[in-house]
2 protein chains.
Amino acid sequence: MSREITFGNYLQDKGLKGTQQRDEVADLFLKADRHFSVEELYRRVQKSDPRIGFSTVYRTLKLLVEAGLATERQFGDGFTRFEPVHREEHHDHLICIKCGKIVEFKDDRIEELQNGVAGKHNFRVTDHKLELYGYCNRCE
Amino acid sequence: MSREITFGNYLQDKGLKGTQQRDEVADLFLKADRHFSVEELYRRVQKSDPRIGFSTVYRTLKLLVEAGLATERQFGDGFTRFEPVHREEHHDHLICIKCGKIVEFKDDRIEELQNGVAGKHNFRVTDHKLELYGYCNRCE
DNA sequence: GTTGATTTTGAATTTCATTTTCACTATAAT
DNA sequence: ATTATAGTGAAAATGAAATTCAAAATCAAC
């Protein structure tokens, strides 16, 4: 009986209104399927509709997070970044500290070991973050 | 011929001055051997010497990072946290999202797998961050 | 131990990403 | 269409972090 999770459905379920701005921001964000700082997404949004404001991009991104369609991350450069959630699977990041390139990866064995560690400390893990910082082959 | 890495030696090598304030801040920080937000360390410093300012705590913490005696971390609560570096070994964190408890752990097998992943993507990893978020047994 | 060039201090100010405000507009249920 | 409610965007506010600057402290050379 559960509906598909879409931004539109989320808004409706919460009694929030669907607006042209929200749709545009969400579309651009979700279809690009990569990491965005608010600034980056704002610039992209501006190109397709210059009348959409910074606040709206911010607010929409937060709604997407609430809806479970985006996650918020800090890579330590002072800017919060958002990324679309791929419903299938979790992933982690390799970050080049020179050029900023971000590569996603996934390793089931690492996740297993993580659960083992958490168990040893009597934690129930609900989320995790693994980031590897270094130099990509171009910057090396 | 390399000298021991101490804060005093670092300052001297860089032509910086050793001051009472720096010593106090560094001492309290290093000997406490736990995570601090700047605010937290500032409060502790205030108790032993109320005339030491916020900026000095900030600046000293940054110097400690430069000296390799502290690392800077973001746990996503909006405050930068600093922790003394234990020269022996790297460690990761288990964080309770209810009470804020932070447990350190280390798992060599995870580190090995990380290096494997990085290699596959032609990255040379210089640092990494692994954080497991969840509920500790008390908050569960 | 005094000097004096230079660095550090700390209160206050500034910065800057993010959040909030508020007058106005758009949405959607009736 | 009306109306109650929520959303918008420009501007202002917020708050953690960085910076400024006059006064104070440090330290190498005397």
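Both backbone and side-chain heavy atoms feed into the values below; hydrogens, waters and symmetry mates do not. In what follows, chains carry the letters A, B, and so on, assigned in the order in which the sequence lines appear, proteins first and then strands, with residues in each chain numbered from 1.
In this pair, B/His121 and A/Phe105 present their aromatic rings tilted. The plane angle is within the 30 to 60° band.
At a threshold of 4.0 angstrom between heavy atoms, the contacts of B/Ser55 include nucleobase atoms, whether or not backbone atoms are also involved. No engagement by B/Phe54 is indicated, since no non-hydrogen atom pair under 4.0 Å with the nucleic acid exists. Across all strands shown, B/Arg59 has heavy atoms under 4.0 Å from base atoms, whether or not it also approaches the sugar-phosphate.
One can place CD of A/Gln74 at 11 Å from C1' of C/dT18, the figure rounded to the nearest angstrom. Atom-to-atom, CD of B/Gln12 to P of C/dT8 comes out at 13 Å; the value is rounded to the nearest Å. The interatomic distance linking A/Leu61 (CG) with C/dT19 (P) rounds to 10 Å, in whole Å. Distance, A/Leu11 CG to C/dA29 P: 12 Å, rounded to whole Å. Taking atom CD of B/Glu24 as the reference point, atom C1' of C/dT9 lies 13 Å away to the nearest angstrom. Between B/Arg22 atom CZ and C/dT7 atom P there is a gap of 11 Å when expressed in whole angstrom units.
Toward the 5′ end of DNA chain D lies the nearest nucleotide of A/Thr56, the other residue of the pair B/Gly78 and A/Thr56 mapping further downstream. Comparing B/Gly18 and B/Glu72 along DNA chain D, the residue whose closest nucleotide (by nearest heavy atom) sits nearer the 5' end is B/Glu72.
The side chain to side chain donor-acceptor pair (under 3.5 Å) pairs that include a residue from residues 49-60 of chain B number zero, where partners must be two or more places apart or lie in different chains.
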request  = Take B/Arg73 and B/His93, measure what side chain to side chain contact (heavy atoms under 4.5 Å, CB included) needs, and give me the verdict at the end.
outcome  = CA-CA 11 Å; B/Arg73 311 197 82 99; B/His93 298 95; 3.6 Å; yes
task = Take B/Lys106 and B/Asp108 through the salt bridge (Lys or Arg N to Asp or Glu O under 4.0 Å) test and state the conclusion after the steps.
result = CA-CA 7 Å; B/Lys106 180 177 182 314; B/Asp108 289 328; 2.4 Å; yes
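Contacts between chain A and DNA chain D, taken as any atom within less than 4.0 angstrom of a protein heavy atom, begin and end at D/dT5 to D/dA11.
The side-chain heavy atoms of A/Glu83 and A/Ile102, taken from C-beta on, include no pair separated by under 4.5 Å. Looking at A/His90 and A/Asp127, their side chains come closer than 4.5 Å, going by heavy atoms from C-beta outward.
A salt bridge between B/Glu40 and B/Arg44 is absent, with no side-chain N of the basic residue lying under 4.0 Å from a carboxylate O of the acidic one.
Residue side chain A/Thr80 does not reach the base of C/dA17 through any donor-acceptor N/O pair under 3.5 Å, judged by distance alone.
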